[in-house]
Every structure is written in structure tokens, then in C-alpha cells.
2 protein chains.
Amino acid sequence: MSTAEDTAGGETSAWGEVTPDAARRLLIAAVEAFAERGYHATTTRDIAGRAGMSPAALYIHYKTKEELLHRISRIGHEKALDILRTAARGEGTPAERLAGAVGSFVRWHAGGRTTARVVQYELDSLGPDARAEILALRRQCDAEVRGIIEDGVAAGDFDVLDVKGTTLAVLSLCIDVARWFNVSGPWTPDEVGALYADLVLRMVGAK
Amino acid sequence: MSTAEDTAGGETSAWGEVTPDAARRLLIAAVEAFAERGYHATTTRDIAGRAGMSPAALYIHYKTKEELLHRISRIGHEKALDILRTAARGEGTPAERLAGAVGSFVRWHAGGRTTARVVQYELDSLGPDARAEILALRRQCDAEVRGIIEDGVAAGDFDVLDVKGTTLAVLSLCIDVARWFNVSGPWTPDEVGALYADLVLRMVGAK
DNA sequence: GCCCCAGGTGAGCGGGCGCTTAGCGCGCGG
DNA sequence: CCGCGCGCTAAGCGCCCGCTCACCTGGGGC
């Protein structure tokens, strides 16, 4: 069920689309630094240092520090949307599709906690235009999950009081995994994914 | 069910214990600024300006900017623990106590979103000693919720696969309300509290 | 009426920030 | 074998940060 990109220890394999190599190394360094300290507490000197380059090298590949965050955020959200879309549009009953979506979404947040943390929690550091672009992707994520729940309700498989509110709660539960999950803690990403899939099926009253 | 302190519009009534008046105004200004921009993006000049004072005035009442965050975080966590403890140790069945705890905890996060945001999401900006102190309070919050769930399981009222994991998920769900709740959105704090109480009872398989 | 001092201000220090610029070295076409 | 341009660095600019300090002020005790 898990694929290499979301449980790989290095957590750097998802950035293959970023070229050239120096730009990718800077971006990976930025992800690590932002996740550890937060965007505003991270300096461009720190990012460049982690990538083994001088501070000025950053500005050959990126116009500003904010552009780095924007690129990270967009790629990350596209990956998240891809995960949900694949699960939502797959085969199976609504319950199976919802469990699959939650399971893989949670595994991505837990296994790629470093990336997910930046993607989910540093949104407010973006400027208005970039933030608006990212929020559009988030609304699409919301729509995919709501679609599964609506299917389940329509088929009589789910028992939900408030579809919109429950959708929000399900996504909220998954996203917050990036805040608390600890790689050296008692659970593996797979275990949390399985536990959460079960909890979400209960939340929607799956038969 | 709601009390004045957690749904009051001004959201400034919980800081009565902070004296003198100038110190309280600075602290409230800091809460607002930290919630809006985050700790690292907030300047001491901004905090002092919101309180109607000169930048230097801050240092008469607080040793550093970090001490402000520490005081806010400690008072906020004590309030959160108080809410959970009151609900956990009240009368009623485990289901009633769990619904009450989740309802009031969520109302606090939604109604006092400004405060809750700082309390729940700016923890990493604290130094090691202060963070350790706050983490101890968080473990007590965790213990209160776990206690209710264990009571329900022991009484045969709940059906839970993993008590520790479910406790974490319940708290995670409540805490994340501070991230997404919008005062001008479609729900009131009371409505979210009621919806979440229902969702959590489903998560623990309450009869 | 006078002093005192807690609580406040205005100005500014040292430093680190995001970002720029002048110039270096090296692989490659001619 | 030259020279040119791309990718990078060393140095540093201007700014604003957290924080300090010398000074001011107005209301209470004697």
C-alpha cells in the first residue's frame, strides 16, 4: 500500500521535478530548516549553509526567500491533492475509498512530517497572491473528501449529521498529524494511518 | 453551558490575574500580535505600539520578548487544563463527561481562537526550560481525557481499539480547531462544540 | 512645599537580517 | 590555446531587530 515516496527515510525523493541540482539541494535544505524552526526564524544563511553553499547562491535560483516557501508549498499541496484524488476516484465502496484516502493521507503526513509541517503550517507566511493560489488547492482537497462522504451518504452507507462540518473535521484530524507525529515515537506511519482510517469510518457512521 | 470567559467577544477577560494594568495591556497586545503574525514575525515595537506605549516600556514589565510568550502560554495551558479537569471530574456517565469535555474544550478553542492559536502553535518558540514546563501541563491535559476514555472502556460503554492513540486523536481534533476556525465563518463556537462532541462519541464507539 | 521614586519616554547601540554586486574559476566551442 | 559566459563566492549595503540607558514626570509621604 505504501509507496516509496511517502515512507522513505530520507524524505527527499519527492523533489525530483526541481532542477538543476543546486536548486533542489537548496529547496530540500529550506524544507528542513522551515520545518525545524519555522519560516520567520529561518535565515537565508542557514538554508544556504545546509545546502553547502554561500548565502548569495540562493539568489541565483530563487528571487526571494518567500519564493522558496511558495515553491515548497505548491509542490507539497499538489502531492497531497494527488494522494486524495487517487483514493477518491478509485474503485470500491465509499467506505473503502474513504479509508484508503485517510490512510494514505495520514501516512504522507506522518512519514513526510518535515515536508507536511511546512506545507500545512507555514501558509500564513506567504504573500496574498501566493496564499490565494495555495488556498485554491486546499479547497480542491476538501472537495475530494466531501465527494466521498456525499457518495457514502447517498448510498445509505454513511450516517452523517453535517457533511461540511464532518469533512472539515476529517481533514483537520489528518493534517494535525504533522504537528504531533514523532518519528521516534511509539507508532509507525502505517499504524497511525490504519488507526485513523478506523476512527474516520466511525465518525461518518459507516455500516 | 457556555460561560462568559470563553465566548466573550473581547476575548480579553481571562487575563485578570495579570497586574499591573500596563503589564496586562502589553500581554493582551502580544497575544493579538502573536496570533496574527506568529512569534518570530512580531516585533517588540509592534506589541508596545498596540498597547499604546513606547518600545522601551515593555522591558519594565517583562525581561524579554520570550518571557511574554512564556506567561501567555502558561496561563493559557492552565486554563485549558482547568476546562478539561472540570469536565473529566464532573458527574455523569463517561459518555456525558467526554461530550462535556470536548464541547467546552472546542468552544474555548473556537471562541478564544486568538489566545488558543498562540497557546497551541507557538510552543516551539519557547526555550528548552519553558517548553519543558508547558509540556508537563500538556501531559496532564492528555491524562484527563485518557482517564474519561478508560472509564468508559472499563464500564463497557465505549468500544476503543487503541486508548492511547484515540486519546491523542481526540485532543488533536480539538486543538486543530484553533487553526481553521474563523469567527466570520458559518459556525458559532457552540455549534462546532456540539458537532465535535458527537463526532468524538462516535470515535470511541459510545453505546 | 519638597523630595522621591515607580513608571514612563526618546534616542540609539550592536548585531544579524534579506539581498546585491563585483569579480573569480572552470568547462566548452572555435 | 584562447576567451567567453555560467554558476558561484567574498564582501558588504541598508535596514530594522531586541534591548539599554540617561533622563523626565507627576502623585504620595512628611
Side-chain angles (χ1 to χ4, degrees), chain A residues 15-73 118 122-131, chain B residues 15-73 118 122-131:
Chain A
W15 308 107
E17 67 182 82
V18 181
T19 55
D21 182 69
R24 181 171 51 250
R25 281 190 294 129
L26 283 164
L27 190 129
I28 291 168
V31 169
E32 287 170 4
F34 291 162
E36 250 175 56
R37 308 199 211 286
Y39 176 78
H40 286 292
T42 299
T43 70
T44 54
R45 284 163 178 83
D46 183 26
I47 296 168
R50 283 172 192 251
M53 306 175 84
S54 77
L58 197 151
Y59 294 92
I60 295 163
H61 301 283
Y62 303 95
K63 220 167 55 189
T64 61
K65 176 179 150 186
E66 195 196 319
E67 193 194 322
L68 260 169
L69 178 61
H70 184 194
R71 293 267 265 263
I72 292 166
S73 205
V118 178
E122 299 293 340
L123 209 98
D124 291 342
S125 303
L126 251 27
D129 293 354
R131 184 161 60 237
Chain B
W15 307 108
E17 66 182 82
V18 182
T19 54
D21 182 70
R24 181 169 51 250
R25 282 190 292 130
L26 283 163
L27 189 129
I28 291 168
V31 170
E32 287 170 4
F34 291 161
E36 252 174 53
R37 307 200 210 287
Y39 176 78
H40 286 292
T42 299
T43 70
T44 53
R45 284 163 176 83
D46 183 25
I47 297 169
R50 284 172 191 250
M53 306 175 84
S54 76
L58 197 151
Y59 295 90
I60 296 165
H61 300 283
Y62 301 95
K63 218 167 56 185
T64 61
K65 176 179 152 187
E66 195 196 319
E67 192 194 322
L68 260 169
L69 178 61
H70 185 193
R71 292 269 265 264
I72 292 166
S73 205
V118 178
E122 299 293 341
L123 208 98
D124 291 341
S125 303
L126 251 26
D129 293 352
R131 183 161 62 238

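First the proteins, then the strands, lettered A, B, ... as listed; each starts at 1.
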Rounding to a whole Å, what distance do you find between [X]:[atom1] and [N]:[atom2]?
X	N	atom1	atom2	value
B/His40	C/dC17	NE2	P	12 Å
B/Glu67	D/dC19	CD	P	10 Å
A/Leu58	C/dT21	CG	C1'	16 Å
A/Lys63	C/dC19	NZ	C1'	13 Å
B/Leu69	D/dG18	CG	C1'	15 Å
A/Ile47	C/dC19	CD1	C1'	13 Å
B/Asp46	D/dC19	CG	P	15 Å
B/Tyr62	C/dG7	OH	P	13 Å

Open item on the list: Nearest heavy atom decides the nucleotide; on that basis, is B/Ala56 or A/Ala22 closer to the 5' end of DNA chain D?
Closed with: A/Ala22
Do [X] and [Y] make a side-chain contact, defined as non-hydrogen atoms from C-beta onward lying under 4.5 Å apart?
X	Y	answer
A/Glu66	A/Tyr39	yes
A/Met53	A/Leu58	no
B/Arg37	B/Asp46	yes
B/Arg50	B/Glu36	yes
B/Ser125	B/His40	yes

So, is [X] close to the [N] phosphate, meaning a side-chain N or O under 4.0 Å from OP1 or OP2?
X	N	value
B/His61	C/dG8	yes
A/Tyr59	C/dC19	yes
A/Thr44	C/dG18	yes

TODO: Measure distances between side-chain N and O atoms of A/Arg45 and base N and O atoms of C/dG16, and say whether any donor-acceptor pair falls under 3.5 Å.
DONE: no
Open item on the list: Here's a test of your reading of the structure: between A/Glu66 and B/Met53, which maps to the more 5' nucleotide of DNA chain C?
Closed with: B/Met53
- [ ] Return the 5'-most residue of the pair B/Ile60, A/Lys65 with respect to DNA chain C, ranking by each residue's nearest nucleotide.
- [x] B/Ile60
Open item on the list: Does A/Ser54 reach a base, just sugar-phosphate, or nothing at all? Heavy atoms under 4.0 Å.
Closed with: base
